[in-house]
Amino acid sequence: MSSSPSIAIASGKGGTGKTTVAVHLAAWLAGRGHEIQYLDCDVEEPNGHLFLKPEIKAAEPAAIPVPVVDMNRCTACGKCAAVCEFNAIAMLKKPMVFPELCHGCGACTLVCPVDAIREEPRDIGTVETGLAGPIRFAQGRLNVGEPMSPPLIRAVKIRRDPAAIALFDSPPGTSCPVIATVRAADFIVLVTEPSPFGLHDLTLAVETFRPMGLPFGVVVNRADPADERVQDFCRQQEIPVLAELPDDRRVAETYARGELLFDRLPEWRDRMAALWARIEERL
Amino acid sequence: MKVVITSSSQTLAEPIDMHFGRAKYFILADTETGHATAHDNAQNLHAAQGAGIQSAETVAKLGAEAVITGSVGPKAFRALQAAGVKIALVESACPGTEALRRFKDGELPVLDSPNSEGHWV
Ligand code: SF4
Ligand code: SF4
């Protein structure tokens with residue numbers, strides 16, 4: 001492989017322990033001397049920083065270019081509204097732009113026959129970068145109430161340096177922000193838990209990721225020997241189970257304090273080693 | 001005067017659709033002649049985002065001066081205002097004919113601010 005791999009850590013729903021897996025994998029890999037980038041793409045609720053405790057060195061605003069129509073020039077031809085696939089322009093008597101729906105694709109500006117459209121940046125959030133020990137850290141922070149997260153996620157992802165192993169902490173779920181995160185990753189780790197809800201959301205995630213043709217595997221967090229439904233599902237679907245992390249009260253306690261588990265639960269080092277070995281053999 | 005009634009079906013005999021942006025049909029009715037035609041809103045109904053805005057555009061294109069419906073989200077509201085289309089509200093899903101009669105009699109309140117959260121971004 002010419003560049004180091006990128007791994008997205010995702011989950012069908014929130015609260016499965018996705019960030020736990022992501023930060024420990026990052027810390028373990030860094031401890032082994034790998035060059036690591038941790039890119040938190042969960043921009044509505046970035047919380048990898050709570051555990052990695054990076055020193056933030058820079059914060060840059062992320063904006064998307066939204067159209068502004070010069071009504072004196074506009075001939076009301078309607079081409080801008082017709083070309084917008086996001087329904088961000090309504091053709092009333094004159095075009096009316098809804099900036100909060102605009103993805104900043106630039107199509108309307110291009111299509112306007114009389115150059116009546118110029119673009120103005122609209123802030124959607126911030127990209128923060130810094131260092132967490134040896135780990136190179138970046139995270140997006142979406143402005144409160146901002147619906148448009150994919151452009152911010154892309155602004156985080158362009159910080160990727162192919163010389164380092166990149167871990168993308170994905171938002172939960174299966175919607176556009178998740179797709180924006182996992183796109184072009186070399187591997188997806190899907191973190192789930194053994195409950196009917198966990199299985200249901202895992203099923204949706206599998207249905208989303210499989211057509212994208214990206215290789216993925218499952219980590220069962222809070223594994224319960226009495227409930228093997230997730231494992232059975234993975235067997236049926238021929239999805240590799242990369243790790244089963246047992247339920248342990250001490251994990252939750254340590255997590256609540258914002259600490260890494262390695263000191264209190266040294267066996268987590270071996271777990272991350274085994275997990276990484278299973279990911280590596282699939283890259 | 002031409003008005004649009006949001007409807008779950010193609011006839012005014014059926015109940016009004018209470019959600020402007022996600023109405024199945026727009027029925028364009030002439031308050032003087034009573035003549036009515038149904039217009040499919042399926043394309044906007046299934047839009048991933050901006051359904052209300054596109055619905056407002058459709059209503060404006062039909063040449064309506066008012067729309068009778070149950071609720072309008074903030075973006076659709078802004079678009080309808082910009083298009084100069086009045087919004088008249090019914091409080092429950094009554095048949096379209098009844099809504100039209102009440103509108104003509106001036107019984108329906110006219111909306112001056114959005115009355116739905118518009119959870120479909
Ligand atoms: S920039 Fe793209 S998304 Fe934004 S209004 Fe123009 S066409 Fe629509
Ligand atoms: S494409 Fe240009 S001229 Fe045509 S309606 Fe849009 S802004 Fe006006």
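Contact of B/A60 with chain A is made through the side chain alone, with heavy-atom distances under 4.5 Å. Contacts between A/M91 and chain B at a heavy-atom distance below 4.5 Å involve backbone atoms as well as side-chain atoms.
Within a 6.0 Å sphere centred on NZ of A/K79, other residues, nucleotides and ligands contribute 12 heavy atoms or fewer. B/Q43 CD: 12 or fewer foreign heavy atoms inside a 6.0 Å radius. By the 6.0 Å contact criterion, NZ on B/K24 is open, its count of non-hydrogen atoms from other residues, nucleotides or ligands being 12 or less. At most 12 non-hydrogen atoms from other residues, nucleotides or ligands lie less than 6.0 angstrom from CD of A/E44. No more than 12 heavy atoms of other residues, nucleotides or ligands shown are found within 6.0 angstrom of CD on A/E45. By the 6.0 Å contact criterion, CZ on A/R183 is open, its count of non-hydrogen atoms from other residues, nucleotides or ligands being 12 or less.
In terms of heavy-atom proximity, A/A81 sits nearest to B/E57 at CB-OE1, 4.4 Å. Taking every heavy atom of both residues into account, A/L101 and B/G50 meet most closely at CD1-CA, 3.7 Å. The two residues B/A82 and A/M96 come nearest to each other via the heavy atoms CB-SD, 3.4 Å.
Between B/K75 and A/E100 there is a side-chain heavy-atom pair separated by less than 4.5 Å.
Remark: side-chain polar atoms of B/Q49 are paired, donor with acceptor, to backbone N or O of A/F86 under 3.5 angstrom.
Rounding to the nearest 0.5 angstrom, the gap separating the CZ atom in B/R78 from the CG atom in A/L92 is 11.5 Å. The CD1 atom of B/I53 lies 10.0 Å from the CD1 atom of A/I89; values are rounded to the nearest 0.5 Å.
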